[in-house]
*Asks:* 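One structure coming up, written as structure tokens, with questions to follow.
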Amino acid sequence: MKIKGKWISPILLGFLIVLGGVLLWRFYFMGFFHHSPLSGNGNLYPRFSYRDVRKPEARTNLYTLQEGEWNKEGKGIPAYGIYQGFCPQEEGEALEKMSYYTSCLVFAQTIPQGQVYVYNLPEESSLSWQVLLKQGQDFQFFPLEKTSPSESLAHVGAWEKGIYFYRYPEKGDPFLTLLDLNTGKSQNKPFPRSSLEAGFLMEDRVLYDDIRDRLLFFYTRGSEKLLGQYDFATGQLFSLPLTQPVSHLLMTPDGYFLANTSSLRQVILHSYDFDWKEKDSITYHLDIPQDEIEVWQGCPFLVMEDGVLYGYLEGSRQSKLPGDWGMRDCFYALDTGSGQLLSLHFIRPGWGFLLQGVELLAEEGETPAFYTLPSGF
């Protein structure tokens with residue numbers, strides 16, 4: 001090859017071709033979202049939200065996996081700094097016209113009753129938490145009075161009739177507030193957290209069992225890890241020492257499950273009845289090839305619905321492929337009855353795309369309520 005009267009040697013030309021290929025490969029994986037389906041679909045289909053941190057104003061991209069194909073929703077949505085959940089731009093703009101600003105939004109989630117938004121309005125506007133329920137084009141408003149201007153909201157979750165709030169007053173123990181979205185009525189339930197053993201450290205995320213009127217949570221005492229349960233009806237506190245790694249607590253109509261996702265190749269479910277008597281322990285094999293996810297970071301999402309276990313595994317940024325610095329993630333659906341893997345998809349979000357959340361939707365567009373509690377310990 002001759003350029004401006006000079007010849008480029010075949011070795012140098014080959015090096016430039018390889019280098020160009022590596023750069024193209026790197027660019028390809030840095031800017032796009034890819035997946036490799038290995039098997040069919042589960043009963044529900046997922047929607048993933050990823051935050052693109054490479055841009056000056058971080059944007060969230062939504063991808064839906066349906067009938068084995070990925071669909072990107074829009075060109076990217078500006079990401080709001082929400083404590084829990086995700087609010088698309090068009091919804092946020094519509095709410096801002098009603099003087100509900102995204103800067104005050106602390107929770108947004110779709111539950112069976114509709115789309116729920118929780119706002120922490122400025123003190124001069126209202127000394128309350130403002131809850132909005134959107135059903136189609138209709139809105140309902142539910143104000144929850146604060147105990148003081150400095151009251152904080154640690155966690156929000158869904159229960160059968162609505163949502164619950166785990167709240168910290170300025171002084172004293174935290175308490176749980178149940179909001180019935182069908183009637184608009186709320187009920188406060190005190191939780192004597194100070195009755196826990198000395199030297200404990202409790203997570204802010206909690207799970208409410210409305211059938212048995214219990215509060216479930218993870219906590220540590222020194223080097224010991226425990227699952228705590230407070231019975232509101234009897235005022236009794238129960239603690240279960242965790243002798244094995246536990247990543248999630250799952251609550252189903254048949255009992256509780258403590259999940260161990262510490263291994264990339266398998267999921268272990270320890271099954272309990274509602275009195276915490278262990279029934280059995282079953283190991284489910286994922287058999288993820290080593291070259292797909294060599295090192296992984298954790299399992300941020302794990303739920304069970306109708307006997308199907310849905311999980312999302314986050315892979316490491318490390319890779320041996322030239323120029324590929326994107327994470328390798330994995331989404332799966334596993335039938336716990338037969339142990340059959342219904343769906344397994346390898347995902348490469350691309351460099352700079354960080355997972356924000358996972359939603360599972362039914363084919364008819366409904367959103368089931370999942371009762372799961374991740375452990376941060």
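This one's a predicted model, so the numbers in the text were calculated from it and none came from an experiment.
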*Asks:* Partners of Glu170 by salt bridge (charged side-chain N to carboxylate O under 4.0 Å, His left out), sequence neighbours excluded?
*Replies:* none

*Asks:* Does one side chain, of Gln135 or Gln113, offer a donor that lies under 3.5 Å from an acceptor on the other?
*Replies:*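 Judged by distance alone, the side chains do not pair up.
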
*Asks:* What residues, two or more places apart in sequence or in another chain, satisfy salt bridge (charged side-chain N to carboxylate O under 4.0 Å, His left out) together with Lys189?
*Replies:*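 Expected list: Asp213.
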
*Asks:* For Phe217, check ring-ring contact (aromatic ring centres under 6.0 Å, His included) against everything at least two apart and list the hits.
*Replies:*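 With sequence neighbours excluded, Phe217 shows a ring-ring contact (aromatic ring centres under 6.0 Å, His included) to Phe191, Tyr219, given in chain and number order.
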
*Asks:* Determine which pairs satisfy side chain to side chain donor-acceptor pair (under 3.5 Å) with at least one residue from residues 241-251, sequence neighbours left out, and list them in order.
*Replies:*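 Of all non-adjacent pairs touching residues 241-251, those that pass side chain to side chain donor-acceptor pair (under 3.5 Å) are Ser247-Thr261.
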
*Asks:* Quick one: ring-ring contact (aromatic ring centres under 6.0 Å, His included) partners of Phe141, sequence neighbours excluded?
*Replies:* Tyr100

*Asks:* Could you tell me which residues satisfy side-chain hydrogen bond (donor to acceptor under 3.5 Å, both in side chains) with Tyr256, sequence neighbours excluded, listed by chain and number?
*Replies:* Asp209, Arg214

*Asks:* Looking at residues at least two apart in the chain, or sitting in another chain, which of them share a side-chain hydrogen bond (donor to acceptor under 3.5 Å, both in side chains) with Ser338?
*Replies:*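 Testing Ser338 for side-chain hydrogen bond (donor to acceptor under 3.5 Å, both in side chains), a comparison that skips the adjacent residues, returns none.
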
*Asks:* Under the salt bridge (charged side-chain N to carboxylate O under 4.0 Å, His left out) test, which residues partner Arg221, sequence neighbours left out?
*Replies:* Glu197, Glu224

*Asks:* Which distance, rounded to the nearest 0.5 Å, do you find between the CZ of Arg167 and the CG of Leu144?
*Replies:*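 Here the interatomic distance stands at 6.0 Å.
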
*Asks:* Going by ring-ring contact (aromatic ring centres under 6.0 Å, His included), name the residues that satisfy it together with Tyr284, two or more places apart in sequence or in a different chain.
*Replies:* none

*Asks:* Can you give me the closest heavy-atom contact between Val246 and Ser375, atom names plus distance?
*Replies:* O-CB, 3.6 Å

*Asks:* Go through the structure and list residues passing side-chain hydrogen bond (donor to acceptor under 3.5 Å, both in side chains) with Ser262, not counting sequence neighbours.
*Replies:* Asn260

*Asks:* List the residues meeting ring-ring contact (aromatic ring centres under 6.0 Å, His included) with Tyr168, not counting sequence neighbours, and say none if there are none.
*Replies:* Tyr166

*Asks:* For Ser271, check side-chain contact (heavy atoms from CB on, under 4.5 Å) against everything at least two apart and list the hits.
*Replies:*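 Once residues adjacent in sequence are excluded, the partners of Ser271 under the side-chain contact (heavy atoms from CB on, under 4.5 Å) criterion are Phe257, Lys279, Asp280.
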
